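Please read all numbers here as calculations on a predicted model, not as lab measurements. Convention: sequence-line order gives letters A, B, ...; per-chain numbering from 1. When reading the values below, keep in mind they use all heavy atoms of this one structure, side chains included, and skip hydrogens, waters and symmetry mates.
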2 protein chains.
Amino acid sequence: MPPNIALPCLCASFRRASRALTQVYDDALRPLGLRVTQFTILQALALTSEISQGELGHLLVMDSTTLTRTLRLMRARGWIEERPGKDRRERWLRLSAAGQKQLQRATVPWESLQDRLRSRFGAARWNRLLQTATEMSHGV
Amino acid sequence: MPPNIALPCLCASFRRASRALTQVYDDALRPLGLRVTQFTILQALALTSEISQGELGHLLVMDSTTLTRTLRLMRARGWIEERPGKDRRERWLRLSAAGQKQLQRATVPWESLQDRLRSRFGAARWNRLLQTATEMSHGV
DNA sequence: CCCATAAAGATGTATACACATCTATTGCAG
DNA sequence: CTGCAATAGATGTGTATACATCTTTATGGG
């Protein structure tokens with residue numbers, strides 16, 4: 001009801017936008033029992049095929065110890081397989097068959113939502129948004 | 001080490017950017033014992049002077065029950081005062097004197113960081129970023 | 001006035017997230 | 001080779017976040 005007020009803080013603006021986006025993405029994925037956070041990890045693993053936990057943390061700009069618990073949940077659901085690396089401190093991750101299947105299922109509503117938002121913003125602006133967000137993930 | 005890879009998902013991109021931004025903002029505010037989440041609430045209360053918990057939730061696109069716990073912490077620190085509304089289900093919030101003081105202190109490093117990022121992106125792009133993020137907080 | 005429904009928040013529960021600290025490794029200087 | 005610093009990840013703790021459910025209060029229809 002209150003017109004959405006501009007926040008002067010870039011971080012606050014992005015966090016707020018993230019909450020709003022998370023709502024719609026989680027809504028779209030809810031029938032699959034999946035949240036966008038875990039969907040993102042499935043997608044990242046599909047893109048990289050195999051990656052260590054630390055490298056995944058870098059990729060997602062997320063503390064690798066945060067991944068410890070999320071990955072534990074996903075492993076319990078059977079979506080992820082782990083093996084130790086040559087460096088035995090490392091854990092190397094990849095999608096299991098069930099994880100690939102779950103990712104495929106989830107990609108359907110995700111793609112619909114992406115298409116909807118892309119046409120809402122227009123392709124040019126959509127691409128700028130993705131690029132700027134990506135840029136902000138390393139630089140700042 | 002890995003060049004930051006583009007994520008195809010808009011939500012994932014924004015969440016990742018939010019994590020990166022939160023890192024630098026939290027670093028800037030850490031000497032004050034304040035995180036950007038609570039700083040945002042202080043700032044929102046300064047902007048609105050007085051607001052109900054539900055309206056604050058709308059403003060921040062945040063479930064009002066999430067605010068219950070954050071506000072409890074901030075009230076315990078003495079930064080926020082609450083009073084019941086005419087509608088006695090409501091809680092009306094405003095900054096205490098200590099809250100205004102804390103906001104003032106925190107605004108110094110926050111402003112420096114904002115300036116740094118603004119000059120990094122350029123004013124035009126900075127403004128577009130803020131506007132787009134704000135727009136995304138209602139529309140989507 | 002009375003009841004049914006809706007709205008505002010509180011509480012229970014689960015996930016997401018980061019930092020401090022700990023353990024197990026690795027790699028390197030000597 | 002040995003010992004020590006650095007790294008990968010696990011664990012403890014505290015905050016952030018949402019949803020389901022509950023309680024209290026308001027509101028509207030009879």
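- Between the C1' atom of C:dC17 and the CZ atom of B:R69 lies a distance of 17 Å, rounded to the nearest Å.
- When each of B:R120, B:R16, B:R125 is tested with A:E135 by the rule salt bridge (charged side-chain N to carboxylate O under 4.0 Å, His left out), just one qualifies, namely B:R125.
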Under 3.5 Å, sequence neighbours excluded: what are the donor-acceptor pairs made by side chains of residues 24-33 of chain B?
| unit_1 | atom_1 | unit_2 | atom_2 | d |
| --- | --- | --- | --- | --- |
| B:Y25 | OH | B:Q114 | OE1 | 2.6 |
| B:D26 | OD1 | B:V36 | N | 2.8 |
| B:D27 | OD1 | B:R30 | NH1 | 2.7 |
| B:D27 | OD1 | B:R30 | NH2 | 3.4 |

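- Partners of A:R75 under the side-chain hydrogen bond (donor to acceptor under 3.5 Å, both in side chains) rule, at least two apart in sequence or in another chain, are A:E82.
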Using atom types as modelled, flag every donor-acceptor pair under 3.5 Å from a side chain in residues 65-72 of chain A to any protein atom, sequence neighbours excluded.
| unit_1 | atom_1 | unit_2 | atom_2 | d |
| --- | --- | --- | --- | --- |
| A:T65 | OG1 | A:D63 | OD1 | 2.7 |
| A:T68 | OG1 | A:Q53 | NE2 | 3.0 |

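- Across the interface with DNA chain C, nearest-nucleotide mapping of B:S52 and A:M62 shows B:S52 to be the residue nearer the 5′ end.
- In this structure, A:R88 has no salt bridge (Lys or Arg N to Asp or Glu O under 4.0 Å) partners at least two apart in sequence or on a different chain.
- Within the structure, the side-chain hydrogen bond (donor to acceptor under 3.5 Å, both in side chains) test picks out no pair touching residues 34-49 of chain A (sequence neighbours left out).
- To the nearest 0.5 angstrom, B:N127 atom CG is 12.5 Å from B:F121 atom CZ.
- Here A:T70 reaches the OP1 or OP2 of C:dA16: one of its side-chain N or O atoms lies under 4.0 Å away.
- At a cut-off of 3.5 angstrom, the base of C:dC19 holds at least one donor-acceptor pair with the side chain of A:T65.
- Once rounded to the nearest 0.5 Å, the distance linking OG1 of A:T134 with CG of A:L129 reads 10.5 Å.
- Scored by the salt bridge (Lys or Arg N to Asp or Glu O under 4.0 Å) test, A:R77 finds no partners at all (sequence neighbours excluded).
- Between the side chains of B:Q102 and B:R105, at least one donor-acceptor pair of N or O atoms lies under 3.5 Å.
- The footprint of chain A on DNA chain D, defined by a heavy-atom cutoff below 4.0 Å, extends from D:dA6 to D:dC19.
- Going from atom CZ of B:R15 over to atom P of C:dA16 covers 8 Å, rounded to whole Å.
- Shown for residues 76-96 of chain A: residues whose heavy atoms fall under 4.0 angstrom of DNA chain D, namely A:R89, A:E90, A:R91.
- Applying the ring-ring contact (aromatic ring centres under 6.0 Å, His included) rule to pairs touching residues 82-103 of chain A yields nothing, sequence neighbours excluded.
- Comparing B:T66 and A:Q53 by the nucleotide of DNA chain D whose heavy atom lies nearest to each, the residue mapping closer to the 5' end is A:Q53.
- The stretch residues 18-38 of chain A touches DNA chain D through A:R19, A:Q23, A:R30, each having a heavy atom within less than 4.0 Å of the strand.
- Residue B:D63 contributes atom CG, which lies 15 Å from atom P of C:dT11 at whole-angstrom precision.
- Near DNA chain D, meaning a heavy atom under 4.0 Å from it, residues 101-110 of chain A has no residue at all.
- Remark: P of C:dC17 and CG of A:L73 are 12 Å apart, rounded to the nearest angstrom.
- Scanning for salt bridge (Lys or Arg N to Asp or Glu O under 4.0 Å) contacts around B:R19 gives an empty result, with sequence neighbours left out.
- Relative ring orientation between A:F39 and A:W110 is described as tilted, the plane-to-plane angle lying within the 30° to 60° band.
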